[in-house]
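Read through the structure below, which is laid out as structure tokens, and then see the notes.
Each chain gets a letter, A, B and so on, in the order the sequences are listed, and its residues count up from 1. Note that these values count all heavy atoms, side chains included, but never hydrogens, waters or copies made by symmetry.
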Number of protein chains: 2
Amino acid sequence: MVNSDRPTMHDVAAAAGVSQMTVSRVLRGDGYFSQDVKKRVADAAAKLGYIHNRLASVQRGMKNPMIGVVLPTLKNHVFTDVLAGINDTLSSLNMRPVFGVSEYSATAEETLVRDMLSWQPSGLILSGLEHTEGLKRAVVQSGARVAEIMDADGTPISASFGVSQETAGADMARHFLARGHLRVAYLGSQGGDDLRAAKRFSAFRDTLLAGDGEIIYERISKAPSSMTLGRDLAATCLQKAEGCDAIYCANDDLAAGALMHCITNEVSVPGDIALAGFNDLPFLAALPQQITTTHTPLYEMGVRAAKYVALDSPDDPPKEALKTRLVIGQTT
Amino acid sequence: MVNSDRPTMHDVAAAAGVSQMTVSRVLRGDGYFSQDVKKRVADAAAKLGYIHNRLASVQRGMKNPMIGVVLPTLKNHVFTDVLAGINDTLSSLNMRPVFGVSEYSATAEETLVRDMLSWQPSGLILSGLEHTEGLKRAVVQSGARVAEIMDADGTPISASFGVSQETAGADMARHFLARGHLRVAYLGSQGGDDLRAAKRFSAFRDTLLAGDGEIIYERISKAPSSMTLGRDLAATCLQKAEGCDAIYCANDDLAAGALMHCITNEVSVPGDIALAGFNDLPFLAALPQQITTTHTPLYEMGVRAAKYVALDSPDDPPKEALKTRLVIGQTT
DNA sequence: ATGAAAGCGCTAACAA
DNA sequence: TTGTTAGCGCTTTCAT
């Protein structure tokens, strides 16, 4: 039984010898009441183990300190970093995240969001800028504050805190060209579902081709991203892609896996093959060689988005493109 | 405005030309109604973009498809694996997790749980078996189903799905003894806050000492666990702990970092030094050497706990000790 | 097969 | 400073 016999304000009121409304006031610290009453109520509440019923207050019109958060996956550390930023920020504001994982499916995302909206959250954090029309409509109508994170190339529903995937991809391509890595392989994961990776690669390719470079091998595995996948993809790539100079990986996990392959098989990096990743995850610092990558402010994105949705200022929604930064390591 | 002008069942009823109660019945598919009415209601709801208000139904006594989940940290991949198991399972049962992170603090955990209980979740998943008395009382009184995960050495509030940390530690010590790794260093993180790691190490130490082994170096950093920390701790350890045979790390991240140190500095593993971790995280498979570790069914623990709390059978609460398994790699 | 009334626990508005 | 009344949106119960 969920509603077994949880004490209500009524019970506390009876125990304290006051009215239910007085209990409400004391517990919220709102309005006037004597010190004596305050103490009696506090004692009674503690003795009974009273727990506030937020469902009722929200129902009555109070703000719901709940934020819905939808991420594409938990398998990529990228999102756990973002999540950490969201969670730390919401925590400090006494708000709670409700989570959902879309597995990179737009329809799953819509279902999830509709479900979450039924709890009347005061805010919502979504990943990416591509959503179903139904989702957008539902979100707007709900009146919840929305922030979209991760991407900056497109039109957000309302506020957004993302990075330009296109800029990041183009920057890396220019670096490859400058280093003379012209015959390039690309390795990705999640099939074509990772829309941000696709944008990045598309800009990378365009910029590379506009120079003297070429994509001589391209493999986007359907499997979720992991170091092990990166290692396997790199092994196959090096075997199949003759004359390959460099590998651009869709993210750091894949790149780290590729580096592990090279170390294990004594392939010299960047002598035989150059390597680059994306995100600049902290664990890269522990590897034997610093992998060239693009720094993205993951935690920061989480923080900004959480702050925005948690507040209720009526400012018009910021659409912020956070900066990425090319991190030149020892692998290019 | 959160409650801007979200349509209610009343609005749908007006649009469909029926009573509000009929809308309720149709939308839940409960009771009797004609096909004609069903269609009119469905159309009206779709047109208005009606979203169910779960707060009201739960308030009225329906089960709340919400599960509170409290984890010690998000910085250790261990918990994101558990989280994945929880999330996948709850998703498939149309239930949603509300998350909180305790940062390994028992009082923070209590605050978090009290906060979560105010949403009247039908279940709760907690990590470990050590909690404040206040938390236990609140949870029991709330009537929510509780499952505790990760640990099996102690007394759960109700149901538990954990592994015996003591067995795992002792097993590893026996393996060290069998391999002749007698002069052992221990590296940990999170200060003394990771109670499970402490239990494991305690059993490891006892078993090692009962053989011919000894702990010649012990360093538990206050920093959160990471590969980079492992690498740094290993560097200091190898410099300070003379005659050290082997390093037992509190988890795989630390062990992987230690291995990276060894690879970078051409320290032979296990020739010069043996290494072992804990958890058998998937990324170990990508490393140049297979690290000896203890497999723990992380995802599975999440699945079991989620299934238990999501259901509402009145069976008496299972206290399951899941099996760990020594994974002998190439580093011992 | 449909509707009307009551009430879940709380808070805003008003009364005393 | 404290209490009374009304009602948030829904579902249970009972009537039609």
Using whole Å, report how far CG of A:Leu55 lies from C1' of C:dG7.
-> 15 Å
For atom CD of A:Gln59 and atom P of D:dG9, their distance in whole Å = 6 Å
Note the angle between the end axes of the helix from C:dA1-D:dT16 to C:dA16-D:dT1, five pairs defining each, rounded to 10 degrees.
-> 40°
Is A:Arg114 salt-bridged to A:Glu110, cutoff N-O under 4.0 Å?
-> yes
Under 3.5 Å donor-acceptor, A:His10 side chain and A:Pro7 backbone | no
So does B:Tyr50 get a side-chain nitrogen or oxygen closer than 4.0 Å to the phosphate oxygens (OP1/OP2) of D:dC10?
-> yes
For D:dT2, does OP1 or OP2 lie under 4.0 Å from any side-chain N or O of A:Ser34?
-> yes
If only side-chain N and O atoms of A:Ser19 are considered, is one of them under 4.0 Å from the OP1 or OP2 phosphate oxygen of D:dG3?
-> yes
Nucleotide C:dG9, atom C1' - distance to CZ of A:Arg6 in whole Å = 11 Å
Would you say C:dT11 has OP1 or OP2 under 4.0 Å from some side-chain N or O of A:Ser24?
-> yes
Less than 4.5 Å apart, any side-chain heavy atom of B:Val69 and any of B:Asn87?
-> no
Contact list (N/O, under 3.5 angstrom) for nucleotides 12-16 of chain C vs protein:
unit_1	atom_1	unit_2	atom_2	d
C:dA12	OP2	A:Arg28	NH1	3.4

What pairs with B:His52 under ring-ring contact (aromatic ring centres under 6.0 Å, His included), at least two apart in sequence or on another chain?
-> none
Describe the nucleic acid contact of A:Phe33 in one word from base, sugar-phosphate, nothing, applying a heavy-atom distance below 4.0 Å.
-> sugar-phosphate
Could you state the atom-to-atom distance from CH2 of A:Trp119 to C1' of D:dC10 in whole Å?
-> 16 Å
A:Asn53 CG to D:dC10 C1': how many Å, rounded?
-> 14 Å
All heavy atoms of B:Ser102 vs all of B:Val70, minimum pair found to be CB-CG1, 4.1 Å
For residues A:Leu322 and A:Val163, report the shortest heavy-atom separation together with the two atoms involved.
-> O-CG1, 3.6 Å
Does A:Leu298 offer a backbone N or O that forms a donor-acceptor pair with the side chain of A:Thr296 under 3.5 Å?
-> no
Using a cut-off of less than 4.0 Å, is there contact between a side-chain N or O of B:Thr22 and OP1 or OP2 of C:dG3?
-> yes
Over all atoms of both residues, closest heavy-atom pair of A:Pro121 and A:Gly68 | CB-N, 4.1 Å
Flag this pair as yes if the NZ/CZ of A:Arg145 is under 6.0 angstrom from the six-membered ring centre of A:Tyr308 and inside a 45 degree cone about the axis; otherwise no.
-> yes
With respect to the side chain of A:His52, which nucleotide from C:dC10, D:dT11, D:dT2 is positioned closest?
-> C:dC10
